[in-house]
Amino acid sequence: MTRWFENHQALLSGCISFAVIVLVWQLTVDLGLVKAFFISSPSLVAVEFWRQLMSGELSTNVAVSLSEFACGLGLALVVGTGLGVLASWSRTLEYILEPFIWLGYAFPIIAIYPLFIAWLGLGEPTIIAIAFIFAVTPLYANTLSGIKNADADLIRAARSFGARRRDLFLKIALPGSVPILVAGLRLAVGRALTGVVAGELFGAAAGLGYSIAYYGDKLKTTAMMVSMVLVMIFGVILTQLLSLLEAATDSWRTGPGRS
Amino acid sequence: MSQIELRDVAIEYRKPKSDESFVAIRGINLSIDKGSFVTIVGSSGCGKSTLLLAIAGLIPRARGSIRVDGRDVAGPGRDRAMVFQEASLLPWRSVHGNVRFGLELQRWSRDNVDQRVAHFIGMVGLGQFADYHPHQLSGGMRQRVNIARALAVDPDVLLLDEPFAALDAQTREVMGNELLHIWEHDKKTALFVTHAIDEAIFLGDKVVVMGKDPGRIKDVVEIDLPRPRTTAMLDSAAFVAYRRTLRDYIAADMQSLQMIEDAA
(Lines give C-alpha, C1' and ligand atoms only; values in the text may rest on other atoms or scores of the structure.)
Protein backbone atom coordinates (compact mmCIF):
# COMPACT_ATOMS: atom_id res chain seq x y z
CA MET A 1 0.00 0.00 0.00
CA THR A 2 2.77 2.45 0.93
CA ARG A 3 4.54 1.30 -2.22
CA TRP A 4 1.50 2.27 -4.27
CA PHE A 5 1.50 5.72 -2.71
CA GLU A 6 5.18 6.18 -3.48
CA ASN A 7 4.75 5.17 -7.11
CA HIS A 8 1.80 7.46 -7.67
CA GLN A 9 2.87 10.33 -5.46
CA ALA A 10 3.12 12.88 -8.29
CA LEU A 11 -0.30 12.03 -9.71
CA LEU A 12 -1.90 11.90 -6.27
CA SER A 13 -0.47 15.23 -5.13
CA GLY A 14 -1.55 16.84 -8.39
CA CYS A 15 -5.10 15.54 -7.99
CA ILE A 16 -5.29 16.71 -4.38
CA SER A 17 -4.09 20.23 -5.16
CA PHE A 18 -6.55 20.40 -8.05
CA ALA A 19 -9.41 19.20 -5.83
CA VAL A 20 -8.48 21.79 -3.19
CA ILE A 21 -8.62 24.60 -5.74
CA VAL A 22 -12.06 23.47 -6.96
CA LEU A 23 -13.27 23.26 -3.36
CA VAL A 24 -11.93 26.71 -2.44
CA TRP A 25 -13.49 28.10 -5.62
CA GLN A 26 -16.89 26.66 -4.67
CA LEU A 27 -16.65 27.82 -1.05
CA THR A 28 -15.58 31.34 -2.00
CA VAL A 29 -18.82 31.75 -3.94
CA ASP A 30 -21.07 29.82 -1.50
CA LEU A 31 -19.82 31.87 1.44
CA GLY A 32 -20.48 35.06 -0.50
CA LEU A 33 -16.85 36.22 -0.49
CA VAL A 34 -16.91 36.86 -4.25
CA LYS A 35 -19.96 37.15 -6.47
CA ALA A 36 -20.59 34.27 -8.89
CA PHE A 37 -20.81 36.87 -11.67
CA PHE A 38 -17.02 37.34 -11.50
CA ILE A 39 -15.74 33.81 -11.10
CA SER A 40 -18.79 31.54 -11.53
CA SER A 41 -18.49 28.35 -9.48
CA PRO A 42 -17.79 24.65 -10.11
CA SER A 43 -21.41 23.65 -9.54
CA LEU A 44 -22.72 26.36 -11.89
CA VAL A 45 -20.18 25.33 -14.51
CA ALA A 46 -21.27 21.69 -14.17
CA VAL A 47 -24.92 22.59 -14.71
CA GLU A 48 -24.12 24.82 -17.68
CA PHE A 49 -21.88 22.06 -19.09
CA TRP A 50 -24.88 19.70 -19.04
CA ARG A 51 -27.11 22.29 -20.73
CA GLN A 52 -24.57 22.90 -23.55
CA LEU A 53 -24.04 19.17 -23.96
CA MET A 54 -27.79 18.51 -24.30
CA SER A 55 -28.40 21.38 -26.70
CA GLY A 56 -25.63 20.11 -29.02
CA GLU A 57 -23.80 23.41 -28.75
CA LEU A 58 -20.88 21.81 -26.95
CA SER A 59 -20.28 19.01 -29.43
CA THR A 60 -20.40 21.47 -32.33
CA ASN A 61 -17.80 23.73 -30.69
CA VAL A 62 -15.53 20.82 -29.78
CA ALA A 63 -15.79 19.28 -33.26
CA VAL A 64 -14.99 22.58 -34.99
CA SER A 65 -12.02 23.38 -32.73
CA LEU A 66 -10.58 19.89 -32.90
CA SER A 67 -10.85 19.69 -36.68
CA GLU A 68 -9.11 23.06 -37.03
CA PHE A 69 -6.49 21.87 -34.56
CA ALA A 70 -5.96 18.62 -36.45
CA CYS A 71 -5.66 20.40 -39.82
CA GLY A 72 -3.22 23.01 -38.50
CA LEU A 73 -1.06 20.49 -36.67
CA GLY A 74 -1.17 17.94 -39.49
CA LEU A 75 -0.10 20.53 -42.02
CA ALA A 76 2.67 21.73 -39.69
CA LEU A 77 3.86 18.15 -39.17
CA VAL A 78 4.18 17.51 -42.90
CA VAL A 79 5.72 20.89 -43.77
CA GLY A 80 7.88 21.23 -40.62
CA THR A 81 9.48 17.80 -40.70
CA GLY A 82 9.71 17.90 -44.50
CA LEU A 83 11.55 21.23 -44.50
CA GLY A 84 13.65 20.03 -41.56
CA VAL A 85 14.85 17.01 -43.55
CA LEU A 86 15.51 19.12 -46.66
CA ALA A 87 17.39 21.75 -44.64
CA SER A 88 19.56 19.02 -43.11
CA TRP A 89 20.68 18.19 -46.65
CA SER A 90 21.08 21.75 -47.90
CA ARG A 91 22.99 24.34 -45.93
CA THR A 92 21.61 27.03 -48.28
CA LEU A 93 18.01 26.15 -47.45
CA GLU A 94 18.86 26.12 -43.75
CA TYR A 95 20.27 29.66 -43.97
CA ILE A 96 17.28 30.84 -46.01
CA LEU A 97 14.83 29.53 -43.42
CA GLU A 98 16.77 30.66 -40.36
CA PRO A 99 15.32 34.20 -40.01
CA PHE A 100 11.79 32.78 -40.16
CA ILE A 101 12.61 30.47 -37.28
CA TRP A 102 13.83 33.40 -35.19
CA LEU A 103 10.60 35.20 -36.05
CA GLY A 104 8.53 32.12 -35.27
CA TYR A 105 9.89 32.01 -31.77
CA ALA A 106 10.32 35.71 -30.98
CA PHE A 107 7.47 37.42 -32.84
CA PRO A 108 3.92 37.40 -31.42
CA ILE A 109 2.40 35.69 -34.44
CA ILE A 110 -1.11 36.71 -33.46
CA ALA A 111 -0.15 40.29 -34.38
CA ILE A 112 -0.33 39.43 -38.08
CA TYR A 113 -3.81 38.00 -37.65
CA PRO A 114 -5.52 40.87 -39.52
CA LEU A 115 -3.35 40.14 -42.56
CA PHE A 116 -4.57 36.56 -42.60
CA ILE A 117 -8.16 37.74 -42.44
CA ALA A 118 -7.48 39.95 -45.43
CA TRP A 119 -6.03 37.01 -47.35
CA LEU A 120 -8.12 34.07 -46.22
CA GLY A 121 -11.27 35.68 -44.84
CA LEU A 122 -12.83 35.34 -41.45
CA GLY A 123 -13.14 31.73 -40.30
CA GLU A 124 -11.63 28.31 -40.60
CA PRO A 125 -8.87 28.84 -43.20
CA THR A 126 -7.45 31.73 -41.19
CA ILE A 127 -7.62 29.81 -37.92
CA ILE A 128 -5.93 26.77 -39.46
CA ALA A 129 -3.22 29.04 -40.86
CA ILE A 130 -2.56 30.60 -37.44
CA ALA A 131 -2.42 27.17 -35.77
CA PHE A 132 -0.09 26.00 -38.53
CA ILE A 133 2.35 28.89 -38.05
CA PHE A 134 2.32 28.42 -34.30
CA ALA A 135 3.08 24.70 -34.61
CA VAL A 136 5.48 24.56 -37.52
CA THR A 137 8.45 26.28 -35.85
CA PRO A 138 9.35 23.68 -33.20
CA LEU A 139 8.66 20.83 -35.64
CA TYR A 140 11.06 22.26 -38.20
CA ALA A 141 13.71 23.26 -35.65
CA ASN A 142 13.69 19.92 -33.82
CA THR A 143 13.75 17.82 -36.98
CA LEU A 144 16.70 19.78 -38.27
CA SER A 145 18.69 19.69 -35.04
CA GLY A 146 17.87 16.02 -34.47
CA ILE A 147 19.26 15.04 -37.87
CA LYS A 148 22.20 17.46 -37.78
CA ASN A 149 23.32 16.31 -34.34
CA ALA A 150 23.59 12.68 -35.38
CA ASP A 151 26.34 11.02 -33.35
CA ALA A 152 29.68 11.50 -35.17
CA ASP A 153 31.10 8.27 -33.69
CA LEU A 154 28.18 6.28 -35.07
CA ILE A 155 28.61 7.86 -38.48
CA ARG A 156 32.31 7.04 -38.51
CA ALA A 157 31.63 3.45 -37.47
CA ALA A 158 28.98 3.10 -40.19
CA ARG A 159 31.33 4.56 -42.79
CA SER A 160 33.99 2.04 -41.82
CA PHE A 161 31.51 -0.66 -42.88
CA GLY A 162 30.99 1.09 -46.20
CA ALA A 163 27.76 2.99 -45.39
CA ARG A 164 26.39 5.18 -48.17
CA ARG A 165 24.77 8.58 -47.66
CA ARG A 166 21.34 6.99 -47.72
CA ASP A 167 22.36 4.48 -45.02
CA LEU A 168 23.67 7.26 -42.80
CA PHE A 169 20.37 9.11 -43.11
CA LEU A 170 17.99 6.17 -42.78
CA LYS A 171 19.86 4.06 -40.25
CA ILE A 172 21.55 6.66 -38.04
CA ALA A 173 20.30 10.24 -38.40
CA LEU A 174 16.58 9.46 -38.69
CA PRO A 175 16.16 6.88 -35.89
CA GLY A 176 18.51 8.89 -33.70
CA SER A 177 16.39 12.02 -34.05
CA VAL A 178 13.05 10.42 -33.14
CA PRO A 179 13.11 11.42 -29.45
CA ILE A 180 13.87 15.08 -30.18
CA LEU A 181 11.30 15.05 -32.98
CA VAL A 182 8.63 13.82 -30.57
CA ALA A 183 9.70 16.51 -28.08
CA GLY A 184 9.13 19.04 -30.88
CA LEU A 185 5.72 17.52 -31.52
CA ARG A 186 4.79 17.97 -27.87
CA LEU A 187 5.64 21.68 -28.08
CA ALA A 188 3.78 21.93 -31.38
CA VAL A 189 0.60 20.43 -29.91
CA GLY A 190 0.43 23.10 -27.21
CA ARG A 191 1.20 25.85 -29.69
CA ALA A 192 -1.37 24.64 -32.24
CA LEU A 193 -4.07 24.61 -29.54
CA THR A 194 -3.10 28.16 -28.57
CA GLY A 195 -3.30 29.16 -32.23
CA VAL A 196 -6.78 27.68 -32.68
CA VAL A 197 -8.25 29.28 -29.55
CA ALA A 198 -6.63 32.66 -30.18
CA GLY A 199 -7.81 32.59 -33.79
CA GLU A 200 -11.36 31.74 -32.77
CA LEU A 201 -11.42 34.50 -30.16
CA PHE A 202 -11.04 37.09 -32.88
CA GLY A 203 -13.33 35.81 -35.53
CA ALA A 204 -15.19 32.54 -36.01
CA ALA A 205 -18.70 31.15 -36.29
CA ALA A 206 -18.16 28.22 -33.95
CA GLY A 207 -15.52 26.61 -31.76
CA LEU A 208 -14.36 26.76 -28.16
CA GLY A 209 -12.51 30.07 -28.61
CA TYR A 210 -15.57 31.52 -30.35
CA SER A 211 -17.77 30.37 -27.47
CA ILE A 212 -15.46 32.05 -24.94
CA ALA A 213 -15.58 35.33 -26.87
CA TYR A 214 -19.35 35.09 -27.50
CA TYR A 215 -20.34 34.52 -23.87
CA GLY A 216 -17.63 36.91 -22.71
CA ASP A 217 -19.25 39.68 -24.71
CA LYS A 218 -22.60 38.84 -23.11
CA LEU A 219 -20.96 38.76 -19.64
CA LYS A 220 -22.10 35.17 -19.16
CA THR A 221 -19.18 34.04 -17.02
CA THR A 222 -20.41 30.50 -16.37
CA ALA A 223 -21.12 29.67 -20.02
CA MET A 224 -17.73 31.08 -20.98
CA MET A 225 -16.00 29.00 -18.34
CA VAL A 226 -17.34 25.72 -19.74
CA SER A 227 -15.32 26.25 -22.90
CA MET A 228 -12.28 27.42 -20.95
CA VAL A 229 -12.31 24.25 -18.87
CA LEU A 230 -12.68 22.15 -22.03
CA VAL A 231 -9.66 23.84 -23.62
CA MET A 232 -7.66 23.12 -20.47
CA ILE A 233 -8.72 19.48 -20.48
CA PHE A 234 -7.76 19.03 -24.14
CA GLY A 235 -4.40 20.69 -23.56
CA VAL A 236 -3.61 18.41 -20.65
CA ILE A 237 -4.79 15.22 -22.40
CA LEU A 238 -2.87 15.95 -25.60
CA THR A 239 0.40 16.87 -23.94
CA GLN A 240 0.14 13.85 -21.62
CA LEU A 241 -0.39 11.56 -24.60
CA LEU A 242 2.69 13.05 -26.22
CA SER A 243 4.70 12.56 -23.03
CA LEU A 244 3.80 8.88 -23.16
CA LEU A 245 4.87 8.70 -26.80
CA GLU A 246 8.07 10.51 -25.88
CA ALA A 247 8.85 8.02 -23.12
CA ALA A 248 8.10 5.11 -25.44
CA THR A 249 10.33 6.31 -28.26
CA ASP A 250 13.12 7.27 -25.88
CA SER A 251 13.10 4.00 -23.92
CA TRP A 252 16.37 2.83 -25.53
CA ARG A 253 18.12 5.71 -23.84
CA THR A 254 16.43 5.89 -20.47
CA GLY A 255 13.96 3.09 -19.88
CA PRO A 256 14.46 -0.34 -18.35
CA GLY A 257 12.64 -2.11 -21.20
CA ARG A 258 14.41 -4.64 -23.39
CA SER A 259 12.24 -4.94 -26.47
CA MET B 1 53.89 -12.86 -47.02
CA SER B 2 53.01 -9.32 -46.23
CA GLN B 3 49.37 -8.35 -46.40
CA ILE B 4 49.51 -4.67 -45.53
CA GLU B 5 52.16 -2.48 -47.16
CA LEU B 6 52.70 1.16 -46.24
CA ARG B 7 55.20 3.17 -48.28
CA ASP B 8 56.26 6.67 -47.22
CA VAL B 9 52.80 7.52 -45.87
CA ALA B 10 52.17 11.07 -44.68
CA ILE B 11 48.91 12.48 -43.34
CA GLU B 12 48.15 16.15 -42.82
CA TYR B 13 45.25 17.86 -41.13
CA ARG B 14 44.03 21.28 -42.17
CA LYS B 15 44.32 23.64 -39.21
CA PRO B 16 40.95 25.10 -38.33
CA LYS B 17 40.22 28.49 -39.95
CA SER B 18 43.47 28.70 -41.88
CA ASP B 19 45.14 27.37 -45.00
CA GLU B 20 48.03 25.92 -43.04
CA SER B 21 48.18 22.23 -42.42
CA PHE B 22 49.55 20.19 -39.60
CA VAL B 23 51.62 17.06 -40.24
CA ALA B 24 50.14 14.25 -38.18
CA ILE B 25 52.39 11.47 -39.43
CA ARG B 26 55.20 11.37 -41.96
CA GLY B 27 57.50 8.86 -43.64
CA ILE B 28 55.68 5.76 -42.47
CA ASN B 29 57.02 2.51 -43.95
CA LEU B 30 55.56 -0.70 -42.60
CA SER B 31 54.73 -4.16 -43.80
CA ILE B 32 52.50 -6.49 -41.87
CA ASP B 33 52.44 -10.22 -42.47
CA LYS B 34 49.26 -12.09 -43.16
CA GLY B 35 47.92 -13.69 -40.01
CA SER B 36 50.12 -11.73 -37.64
CA PHE B 37 49.04 -9.70 -34.63
CA VAL B 38 50.77 -6.33 -34.71
CA THR B 39 50.37 -3.72 -31.98
CA ILE B 40 51.12 -0.03 -32.34
CA VAL B 41 52.17 1.80 -29.20
CA GLY B 42 53.13 5.41 -28.54
CA SER B 43 52.36 8.37 -26.32
CA SER B 44 49.23 10.37 -27.05
CA GLY B 45 49.49 12.62 -30.06
CA CYS B 46 51.95 10.42 -31.96
CA GLY B 47 49.41 9.72 -34.69
CA LYS B 48 48.88 6.03 -34.01
CA SER B 49 45.11 6.27 -34.32
CA THR B 50 45.49 8.46 -37.39
CA LEU B 51 47.58 5.74 -39.01
CA LEU B 52 44.92 3.14 -38.26
CA LEU B 53 42.11 5.35 -39.61
CA ALA B 54 44.13 5.84 -42.80
CA ILE B 55 44.49 2.07 -43.26
CA ALA B 56 40.74 1.79 -42.65
CA GLY B 57 40.27 4.27 -45.49
CA LEU B 58 38.46 6.78 -43.29
CA ILE B 59 40.92 9.65 -43.75
CA PRO B 60 42.84 10.63 -46.88
CA ARG B 61 46.62 10.65 -46.98
CA ALA B 62 48.78 13.47 -48.25
CA ARG B 63 51.48 11.24 -49.68
CA GLY B 64 52.60 7.63 -50.02
CA SER B 65 50.76 4.41 -50.66
CA ILE B 66 48.76 2.01 -48.52
CA ARG B 67 48.08 -1.40 -50.00
CA VAL B 68 46.10 -4.27 -48.57
CA ASP B 69 46.57 -7.55 -50.46
CA GLY B 70 48.15 -5.55 -53.24
CA ARG B 71 45.10 -3.27 -53.68
CA ASP B 72 45.43 0.44 -53.09
CA VAL B 73 43.31 1.72 -50.19
CA ALA B 74 40.96 4.42 -51.51
CA GLY B 75 38.24 4.18 -48.88
CA PRO B 76 36.60 1.72 -46.52
CA GLY B 77 36.40 -1.80 -47.89
CA ARG B 78 35.02 -5.22 -47.10
CA ASP B 79 38.54 -6.57 -46.54
CA ARG B 80 38.95 -4.45 -43.39
CA ALA B 81 36.80 -4.00 -40.30
CA MET B 82 37.35 -1.58 -37.49
CA VAL B 83 36.80 -1.77 -33.73
CA PHE B 84 36.61 1.68 -32.14
CA GLN B 85 37.54 2.93 -28.69
CA GLU B 86 34.04 4.18 -28.07
CA ALA B 87 31.78 1.21 -28.63
CA SER B 88 29.88 3.27 -31.26
CA LEU B 89 26.79 1.10 -30.94
CA LEU B 90 23.35 2.19 -32.11
CA PRO B 91 21.56 2.81 -28.79
CA TRP B 92 18.13 1.99 -30.25
CA ARG B 93 19.21 -1.43 -31.49
CA SER B 94 19.65 -4.60 -29.47
CA VAL B 95 22.96 -6.46 -29.32
CA HIS B 96 21.69 -8.62 -32.19
CA GLY B 97 20.70 -5.58 -34.23
CA ASN B 98 24.07 -3.96 -33.66
CA VAL B 99 26.08 -6.99 -34.74
CA ARG B 100 23.80 -7.23 -37.75
CA PHE B 101 24.44 -3.57 -38.63
CA GLY B 102 27.77 -4.14 -40.42
CA LEU B 103 26.29 -7.00 -42.46
CA GLU B 104 23.36 -4.78 -43.49
CA LEU B 105 25.66 -1.97 -44.56
CA GLN B 106 27.74 -4.38 -46.61
CA ARG B 107 24.54 -5.70 -48.24
CA TRP B 108 24.99 -9.31 -47.19
CA SER B 109 22.28 -11.62 -48.45
CA ARG B 110 19.52 -12.00 -45.87
CA ASP B 111 19.78 -15.79 -45.85
CA ASN B 112 21.45 -17.07 -42.70
CA VAL B 113 22.33 -13.54 -41.55
CA ASP B 114 20.58 -14.01 -38.21
CA GLN B 115 22.33 -17.34 -37.69
CA ARG B 116 25.65 -15.70 -38.48
CA VAL B 117 24.95 -12.85 -36.08
CA ALA B 118 24.01 -15.29 -33.31
CA HIS B 119 27.22 -17.23 -33.93
CA PHE B 120 29.43 -14.19 -33.38
CA ILE B 121 27.43 -12.99 -30.38
CA GLY B 122 28.07 -16.42 -28.89
CA MET B 123 31.75 -16.21 -29.77
CA VAL B 124 32.21 -13.07 -27.67
CA GLY B 125 30.26 -14.66 -24.81
CA LEU B 126 27.07 -12.59 -25.03
CA GLY B 127 24.68 -15.38 -26.06
CA GLN B 128 22.38 -14.57 -23.12
CA PHE B 129 22.29 -10.87 -23.95
CA ALA B 130 21.30 -10.81 -27.62
CA ASP B 131 18.07 -8.90 -26.87
CA TYR B 132 19.68 -6.34 -24.54
CA HIS B 133 20.20 -2.75 -25.52
CA PRO B 134 23.60 -1.02 -25.16
CA HIS B 135 22.53 1.07 -22.15
CA GLN B 136 21.84 -2.17 -20.28
CA LEU B 137 25.39 -3.47 -20.82
CA SER B 138 28.67 -2.80 -19.02
CA GLY B 139 31.57 -1.13 -20.85
CA GLY B 140 33.29 -4.47 -21.35
CA MET B 141 30.14 -6.05 -22.79
CA ARG B 142 29.69 -3.16 -25.19
CA GLN B 143 33.21 -3.66 -26.49
CA ARG B 144 32.45 -7.35 -27.00
CA VAL B 145 29.53 -6.29 -29.21
CA ASN B 146 31.87 -3.91 -31.03
CA ILE B 147 34.29 -6.78 -31.68
CA ALA B 148 31.51 -9.17 -32.73
CA ARG B 149 30.23 -6.57 -35.19
CA ALA B 150 33.66 -6.35 -36.81
CA LEU B 151 34.23 -10.13 -36.88
CA ALA B 152 30.78 -10.81 -38.33
CA VAL B 153 31.59 -9.17 -41.67
CA ASP B 154 34.47 -11.63 -42.10
CA PRO B 155 37.25 -9.12 -42.79
CA ASP B 156 40.79 -10.15 -43.82
CA VAL B 157 42.22 -7.48 -41.55
CA LEU B 158 40.95 -6.44 -38.13
CA LEU B 159 41.80 -2.86 -37.12
CA LEU B 160 41.42 -2.11 -33.42
CA ASP B 161 41.75 1.47 -32.15
CA GLU B 162 42.43 1.36 -28.38
CA PRO B 163 39.40 -0.87 -27.90
CA PHE B 164 40.03 -1.48 -24.20
CA ALA B 165 41.24 2.01 -23.22
CA ALA B 166 38.03 2.94 -21.41
CA LEU B 167 37.84 -0.30 -19.39
CA ASP B 168 39.07 -0.97 -15.87
CA ALA B 169 42.32 -2.91 -15.45
CA GLN B 170 40.76 -6.29 -14.62
CA THR B 171 38.23 -6.20 -17.45
CA ARG B 172 40.98 -5.08 -19.76
CA GLU B 173 43.11 -8.10 -18.97
CA VAL B 174 40.19 -10.49 -19.44
CA MET B 175 39.27 -8.87 -22.76
CA GLY B 176 42.88 -9.09 -23.99
CA ASN B 177 42.97 -12.80 -23.20
CA GLU B 178 39.67 -13.40 -24.94
CA LEU B 179 40.67 -11.39 -27.96
CA LEU B 180 43.78 -13.56 -28.37
CA HIS B 181 41.67 -16.66 -27.91
CA ILE B 182 39.32 -15.59 -30.70
CA TRP B 183 42.23 -14.52 -32.89
CA GLU B 184 44.02 -17.86 -32.56
CA HIS B 185 40.89 -19.47 -33.99
CA ASP B 186 41.30 -18.17 -37.54
CA LYS B 187 44.39 -15.94 -37.31
CA LYS B 188 43.05 -12.91 -39.10
CA THR B 189 45.65 -10.20 -39.51
CA ALA B 190 45.16 -7.85 -36.57
CA LEU B 191 46.44 -4.32 -36.10
CA PHE B 192 45.90 -3.10 -32.55
CA VAL B 193 46.57 0.45 -31.37
CA THR B 194 47.16 1.02 -27.65
CA HIS B 195 49.01 3.33 -25.31
CA ALA B 196 49.52 0.54 -22.75
CA ILE B 197 52.96 -1.03 -23.09
CA ASP B 198 52.10 -4.32 -21.36
CA GLU B 199 49.05 -4.77 -23.54
CA ALA B 200 51.12 -4.15 -26.65
CA ILE B 201 53.71 -6.80 -25.70
CA PHE B 202 51.18 -9.31 -24.43
CA LEU B 203 49.08 -9.27 -27.59
CA GLY B 204 51.60 -8.65 -30.35
CA ASP B 205 53.93 -10.65 -32.57
CA LYS B 206 55.49 -7.28 -33.31
CA VAL B 207 55.22 -3.96 -31.53
CA VAL B 208 55.45 -0.86 -33.68
CA VAL B 209 56.74 2.02 -31.54
CA MET B 210 55.72 5.47 -32.67
CA GLY B 211 57.17 8.82 -31.69
CA LYS B 212 55.85 12.29 -32.28
CA ASP B 213 56.50 15.75 -33.73
CA PRO B 214 55.90 14.64 -36.37
CA GLY B 215 54.34 11.22 -35.84
CA ARG B 216 56.73 8.57 -37.12
CA ILE B 217 57.84 4.99 -36.53
CA LYS B 218 60.78 4.77 -34.12
CA ASP B 219 61.24 1.04 -34.14
CA VAL B 220 59.53 -2.27 -34.70
CA VAL B 221 60.20 -4.72 -31.88
CA GLU B 222 59.72 -8.45 -32.54
CA ILE B 223 58.11 -10.13 -29.54
CA ASP B 224 59.56 -13.59 -29.22
CA LEU B 225 57.17 -15.04 -26.65
CA PRO B 226 55.46 -18.39 -27.28
CA ARG B 227 51.74 -18.63 -28.00
CA PRO B 228 49.26 -19.06 -26.53
CA ARG B 229 50.24 -16.20 -24.29
CA THR B 230 49.41 -16.49 -20.61
CA THR B 231 49.25 -13.90 -17.85
CA ALA B 232 52.15 -15.73 -16.12
CA MET B 233 54.40 -14.40 -18.91
CA LEU B 234 53.86 -10.85 -17.68
CA ASP B 235 56.52 -11.49 -15.02
CA SER B 236 58.99 -13.43 -17.20
CA ALA B 237 62.49 -12.03 -17.71
CA ALA B 238 61.87 -11.65 -21.45
CA PHE B 239 58.64 -9.69 -20.89
CA VAL B 240 60.34 -7.39 -18.39
CA ALA B 241 63.13 -6.72 -20.87
CA TYR B 242 60.64 -5.82 -23.65
CA ARG B 243 58.80 -3.59 -21.23
CA ARG B 244 62.03 -1.73 -20.37
CA THR B 245 62.95 -1.24 -24.03
CA LEU B 246 59.55 0.14 -24.95
CA ARG B 247 59.32 2.30 -21.86
CA ASP B 248 62.66 3.91 -22.72
CA TYR B 249 61.40 4.77 -26.20
CA ILE B 250 58.27 6.37 -24.89
CA ALA B 251 60.03 8.10 -21.99
CA ALA B 252 62.34 9.75 -24.52
CA ASP B 253 59.25 11.19 -26.20
CA MET B 254 57.92 12.49 -22.92
CA GLN B 255 61.26 14.13 -22.11
CA SER B 256 61.40 15.99 -25.39
CA LEU B 257 57.89 17.20 -24.62
CA GLN B 258 59.07 18.33 -21.21
CA MET B 259 61.94 20.29 -22.82
CA ILE B 260 59.50 22.06 -25.13
CA GLU B 261 57.31 22.96 -22.18
CA ASP B 262 60.30 24.20 -20.19
CA ALA B 263 61.47 26.37 -23.08
CA ALA B 264 58.02 27.88 -23.47
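A, B, ... follow the sequence lines: proteins, then strands. Residue 1 opens every chain.
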**Message:** Using only atom types and a distance under 3.5 Å, with no angle test, would you say the side chain of A/S65 pairs donor to acceptor with the backbone of A/L208?
**Reply:** yes

**Complete:** Honestly, the part of B/Q106 sitting under 4.5 Å from a heavy atom of chain A is both

**Message:** If I measure from the heavy atoms of chain B, does A/I172 come under 4.5 Å with its side chain, its backbone, both, or neither?
**Reply:** both

**Prompt:** Checking heavy atoms, do the side chain of B/R107, its backbone, both or neither come under 4.5 Å from chain A?
**Reply:** side chain

**Asked** B/I55 and side-chain contact (heavy atoms from CB on, under 4.5 Å): which partner among B/V73, B/L6, B/L30?
**Response** B/L6

**Message:** Using a strict threshold of under 4.0 Å (side-chain N to carboxylate O), is an ion pair present between B/K34 and B/D79?
**Reply:** no

**Request:** To the nearest 0.5 angstrom, please state how far the OG1 atom of B/T50 sits from the CE atom of B/M210.
**Result:** 8.0 Å

**Prompt:** Would you say A/N142's side chain and A/L181's backbone share a donor-acceptor pair under 3.5 angstrom?
**Reply:** no

**Complete:** Applying a strict 4.5 Å limit to non-hydrogen atoms, the region of A/R164 in contact with chain B is side chain

**Fill in**
Applying a strict 4.5 Å limit to non-hydrogen atoms, the region of B/L53 in contact with chain A is side chain

